[in-house]
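Only one structure is covered here, and it is reproduced in the block below.
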Amino acid sequence: MSDTAQIVTRFAPSPTGYLHIGGARTALFNWLYARGRGGKFLLRIEDTDRARSTPEATAAILKGLEWLGLDWDDEPISQFARKDRHAEVAREMLEKGRAYKCFSTTEEIAAWREANPRQPFQSPWRDATDLPDAPYAIRLKAPRTGETVIADSVQGEVRVANDQLDDMVLLRSDGTPTYMLAVVVDDHDMGVTHVIRGDDHLTNTARQIQIYDAMGWPRPVFAHIPLIHGEDGKKLSKRHGAVGLHEFAALGYPAGAMRNYLARLGWSHGDDELFDDGQAREWFDLSGIGRAPARLDFKKLEHVSGHHIGAMEDTSLLSALEDFLAETGGEPLTPRQKERLCPALTVLKQKARTLPQLLDQARFALIERPVDIDEKAAKALDPVSRGMLKSLTAAVQHASWTRDALEQAAKAVAEEYGVGLGKLAGPLRAALAGRTATPSVFDMMTALGREESLARLHDQTELAG
Ligand code: GLU
């Protein structure tokens with residue numbers, strides 16, 4: 001047995017599709033809780049539904065978790081692979097007298113239900129002693145009176161009258177374990193101390209508790225978190241736009257921003273909206289989880305994303321951009337582009353809210369000479385403005401290459417020509433970037449450096465003859 005004080009959490013997705021944003025948040029909460037307490041975060045793939053579980057879905061979920069930066073301990077566990085162990089526990093309960101063999105057929109159960117509407121099924125085999133030699137299911141001998149009480153860390157005390165719960169099937173007559181049994185056996189065997197999951201599982205919890213009690217196993221701490229709703233307050237669905245984590249990645253929100261944003265979906269720490277991983281690990285606690293459903297709010301997400309992009313190191317930002325391009329089918333960056341992009345990021349990252357916005361702003365650093373000039377930008381280039389660019393070239397050729405010095409020089413040239421700075425900025429922008437929507441010309445010049453900037457100006461002034 002491992003250290004009894006160690007916290008163990010888990011994420012237990014069913015591999016039937018992609019990683020939903022709600023699942024990603026559940027995983028994050030479990031990860032934060034464990035990581036903030038020196039605990040373990042485990043992964044269990046609930047692949048018992050053979051018809052719906054696919055290896056592609058498992059791969060997509062693991063990829064999503066990796067993208068989000070949620071690392072797990074040990075190898076992921078396949079629930080299906082543990083079916084013999086689940087059956088073993090059902091038989092153990094049988095031996096202990098906490099479960100019984102039920103020989104009722106599907107037809108008999110249906111007939112009983114018809115005769116006893118709105119009542120949980122009561123098997124005639126619960127206390128039978130004379131047993132036939134026929135196929136049987138193993139059912140839990142659940143308490144018939146009293147209540148099962150869930151002490152939930154988020155929902156508070158939830159009570160379920162035992163006469164509302166039937167003797168659940170643990171092992172079907174074909175020998176396959178039920179989901180309810182599998183979850184409890186796995187959580188117990190994995191040493192899970194805290195079960196943090198969506199509140200759509202709350203109704204299962206009363207049943208799962210009955211299994212813990214029947215086996216005499218300690219119950220884990222339960223925390224059922226409210227589901228995520230859309231901006232209209234309705235349950236999140238495709239109608240609301242992106243719902244898969246991969247869709248958010250493709251929209252260009254960096255993983256660190258998603259972690260921050262998802263942590264705030266249903267959990268709070270005072271008024272703190274923007275934080276890093278260290279703070280999240282330190283602050284995250286079950287007491288900060290609210291009971292009301294959180295609403296997905298893209299405006300807020302953009303804000304959080306902008307903050308994180310601005311706070312990222314240039315090198316991590318560069319690799320986030322490269323991953324983004326790879327994932328969205330963009331051309332990979334060449335070494336020359338990377339060389340020019342890095343200094344551009346320093347000046348641009350404060351203003352972009354998403355990675356594609358940043359790439360768009362940084363386009364001037366990605367293009368090669370001779371710069372293609374679009375129709376709108378070309379309007380700013382005529383013999384007079386080309387002459388101004390020539391004077392500017394002469395003025396900055398030997399000046400120090402700082403934003404201030406460049407601005408001073410440009411002002412002096414504009415003055416010399418008796419025009420405002422804007423009249424010079426137009427052709428300068430065209431020469432440097434080939435279009436009209438760009439970052440500030442001085443930011444572009446500092447990012448491009450002396451040699452590349454002057455070469456781009458030269459390309460235009462030479463055209464002037
Ligand atoms: N496999 C379940 C799901 O994907 C989670 C079960 C659990 O967390 O106990 O919703």
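Every number for a ligand or one of its atoms is a count from 1 in the order of the listing.
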Donor-acceptor list for residues 22-30 side chains, cut-off 3.5 Å, not counting sequence neighbours:
| from | atom 1 | to | atom 2 | distance (Å) |
| --- | --- | --- | --- | --- |
| Arg25 | NH1 | Pro226 | O | 3.4 |
| Arg25 | NH1 | Leu265 | O | 2.8 |
| Arg25 | NH2 | Pro226 | O | 2.6 |
| Thr26 | OG1 | Gly22 | O | 3.1 |
| Asn30 | ND2 | Arg10 | O | 3.4 |
| Asn30 | ND2 | Thr26 | O | 2.8 |
| Asn30 | ND2 | Ile196 | O | 2.9 |

Ring pair (Phe, Tyr, Trp, His ring centres under 6.0 Å) against His303, all qualifying residues, sequence neighbours excluded
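If we apply the ring pair (Phe, Tyr, Trp, His ring centres under 6.0 Å) test to His303, skipping adjacent residues, there are no hits.
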Ring centers of Tyr100, Trp125 separated by less than 6.0 Å
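Ring centres of Trp125 and Tyr100 not closer than 6.0 Å.
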Of all the non-hydrogen atoms in the protein, which one sits nearest to atom 5 (C) of ligand 1, and at what distance?
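Answer, as residue, atom name and distance: Ala12 O, 3.2 Å.
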Write out the residue and atom name of the closest protein heavy atom to atom 7 (C) of ligand 1, then the distance separating them to 0.1 Å.
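Protein heavy atom with the smallest distance to atom 7 (C) of ligand 1: Arg10 NH1, 3.3 Å.
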Steps toward side-chain hydrogen bond (donor to acceptor under 3.5 Å, both in side chains) verdict (Gln79, Tyr179)
CA-CA 9 Å; Gln79 187 160 68; Tyr179 169 70; over 6 Å; no
So is Tyr179 close enough to ligand 1, meaning a heavy atom under 4.0 angstrom away?
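It does; at least one heavy atom falls under 4.0 Å.
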Would Ser14 count as being in polar contact with ligand 1, using the rule that some N or O on each side must be under 3.5 angstrom apart?
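Such a contact does occur with ligand 1.
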For ligand 1, which is the ligand I care about here, please tell me if Pro13 has any N or O atom under 3.5 Å from one of the ligand's N or O atoms.
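Pro13 vs ligand 1: no N/O contact under 3.5 Å.
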Hey, is Lys141 close enough to Asp167 for a salt bridge, meaning N to O under 4.0 Å?
no
Would you mind finding which of Arg197, His201, Glu46 brings a heavy atom closest to atom 9 (O) of ligand 1?
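It is Arg197 whose heavy atom sits nearest to atom 9 (O) of ligand 1.
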Approximate separation, where rounding is to 0.5 Å, of Ile367 CD1 and Arg456 CZ:
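Rounded to the nearest 0.5 Å, the CD1-CZ separation comes to 4.5 Å.
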Contact partition for Met180 relative to ligand 1, non-hydrogen atoms under 4.0 Å:
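None of Met180 does.
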